[in-house]
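Okay, structure first, notes after.
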Amino acid sequence: MKTKILLLLLLTLTTFANSQGFDTKLEKLAQQLAEKINTKEKTKVAIWGFFSDKNEQTDFGNFLTEDFSIYLANHSENFAVIDRTHLNVILKEHRLNAEGYIDEKTTKRLGKIVAADALVIGTYSIFNSEIKIRVKVLDTETALQFAGVIGNLPMNANIAKFLGKL
């Protein structure tokens, strides 16, 4: 009986620790990116979103986008993050698709429409025990990348279930 209780407690703590690890690491990546953007002369940043490594827009990508957007805004000092819901409305009004593929023309057009100085775009790859994410920041005048971060997020039971792996 004591062994079962101890095992259950250990499993609960491990799940909690992995859950905390996922959020903590995602926030750390957003903080690192915010520090890089803060050194540039950018005042408005729009988040295009996170897409699978196959350039697909997915529920998991939307989940990453929402959380990353909040973490990025919380660590911004010299710039504002355009609200994702507001950006989606603008995209629909101007008949732009939030596809994973983004080119120079789309970057510049979106920058003009929302008056953003920079555009954040991310991709992710799902592995057995972790999720690799890559985040780039593009200048909306030139479409050139001026900042980026790469990191690995731990796979936990909640994320595995969300992804349909459990």
Side-chain angles (χ1 to χ4, degrees), residues 1-40 42 45-77 79-88 91 96-103 106-107 110 116 118-138 145-166:
M1 181 69 170
K2 287 181 184 180
T3 306
K4 287 183 181 181
I5 292 173
L6 185 58
L7 186 60
L8 183 60
L9 179 62
L10 184 61
L11 182 60
T12 303
L13 289 174
T14 303
T15 301
F16 178 74
N18 283 342
S19 176
Q20 292 290 355
F22 181 91
D23 290 330
T24 301
K25 287 187 177 194
L26 185 62
E27 182 174 14
K28 183 69 175 168
L29 288 171
Q31 180 181 9
Q32 290 171 354
L33 193 63
E35 289 169 0
K36 292 176 182 188
I37 298 170
N38 281 326
T39 65
K40 307 296 181 185
K42 306 297 178 193
V45 175
I47 298 185
W48 184 256
F50 281 83
F51 300 87
S52 74
D53 49 12
K54 296 175 185 154
N55 283 330
E56 297 169 332
Q57 187 174 12
T58 66
D59 289 340
F60 184 68
N62 293 336
F63 169 81
L64 282 175
T65 300
E66 288 299 320
D67 285 8
F68 193 85
S69 176
I70 292 167
Y71 293 141
L72 188 65
N74 286 343
H75 291 286
S76 69
E77 294 175 11
F79 65 93
V81 176
I82 296 171
D83 177 66
R84 181 72 181 148
T85 304
H86 179 70
L87 182 60
N88 281 335
L91 290 172
L96 288 173
N97 288 328
E99 297 171 348
Y101 176 75
I102 187 164
D103 60 14
T106 306
T107 302
L110 185 60
L119 187 61
V120 176
I121 186 165
T123 60
Y124 63 89
S125 299
I126 299 170
F127 300 103
N128 286 333
S129 62
E130 63 186 13
I131 300 158
K132 182 172 189 146
I133 68 169
R134 301 158 216 81
V135 188
K136 301 175 185 178
V137 186
L138 309 176
Q145 179 181 332
F146 68 86
V149 293
I150 298 174
N152 294 313
L153 307 174
M155 180 73 71
N156 62 42
N158 289 334
I159 298 299
K161 187 172 182 179
F162 186 84
L163 293 168
K165 292 192 169 278
L166 282 182

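Counting from 1, the numbers follow the sequence of the chain as shown.
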Would you mind writing out the side-chain donor-acceptor pairs for residues 63-71 within the sub-3.5 Å range, not counting sequence neighbours?
residue, atom, partner, partner atom, Å
Thr65, OG1, Phe50, N, 2.9
Thr65, OG1, Gly61, O, 2.8

Separation of Thr39 OG1 from Glu77 CD (nearest 0.5 Å): 10.5 Å
For Ala46 against Ile82, the heavy-atom pair lying closest together: CB-CD1, 3.9 Å
Test log, rule side-chain contact (heavy atoms from CB on, under 4.5 Å), inputs Gln57 and Asn62: CA-CA 7 Å; Gln57 187 174 12; Asn62 293 336; 3.5 Å; yes
Salt bridge (Lys or Arg N to Asp or Glu O under 4.0 Å) partners of Lys136, counting only residues at least two apart: none
Atom of Tyr124, atom of Ser52 and distance for their closest heavy-atom approach: CE2-N, 3.4 Å
Taking every non-hydrogen atom, the tightest pair across Ala147 and Lys36: CB-CB, 4.0 Å
side-chain contact (heavy atoms from CB on, under 4.5 Å) between Leu29 and Leu153, intermediate numbers included: CA-CA 10 Å; Leu29 288 171; Leu153 307 174; 4.2 Å; yes
Exercise: identify the closest heavy-atom pair between Leu26 and Ile133: CD1-CD1, 3.7 Å
Exercise: identify the closest heavy-atom pair between Lys25 and Pro154: CD-CD, 3.7 Å
Glu27 side, atom CD; Thr24 side, atom OG1 - distance, nearest 0.5 Å: 7.0 Å
Main-chain N/O of Ser125 paired to Asp53 side chain as donor or acceptor, under 3.5 Å: no
Geometric class of the Phe162/Phe60 ring pair [parallel <30°, tilted 30-60°, perpendicular >60°]: tilted
Beyond-backbone contact of Ile121 with Leu119, side-chain heavy atoms, under 4.5 angstrom: no
Inter-residue atom distance Ile159.CD1 - Lys165.NZ, 0.5 Å rounding: 12.5 Å
Lys132/Ile150 under side-chain contact (heavy atoms from CB on, under 4.5 Å): CA gap, chis, key distance, verdict: CA-CA 7 Å; Lys132 182 172 189 146; Ile150 298 174; 3.6 Å; yes
Interatomic spacing from OG1 in Thr58 to CG in Leu163 - rounded to 0.5 Å: 8.0 Å
Separation between NE2 of His75 and NZ of Lys28, rounded to the nearest 0.5 Å: 8.5 Å
CA sep, side-chain torsions, deciding dist, call: Val137, Lys40, side-chain contact (heavy atoms from CB on, under 4.5 Å): CA-CA 11 Å; Val137 186; Lys40 307 296 181 185; over 6 Å; no
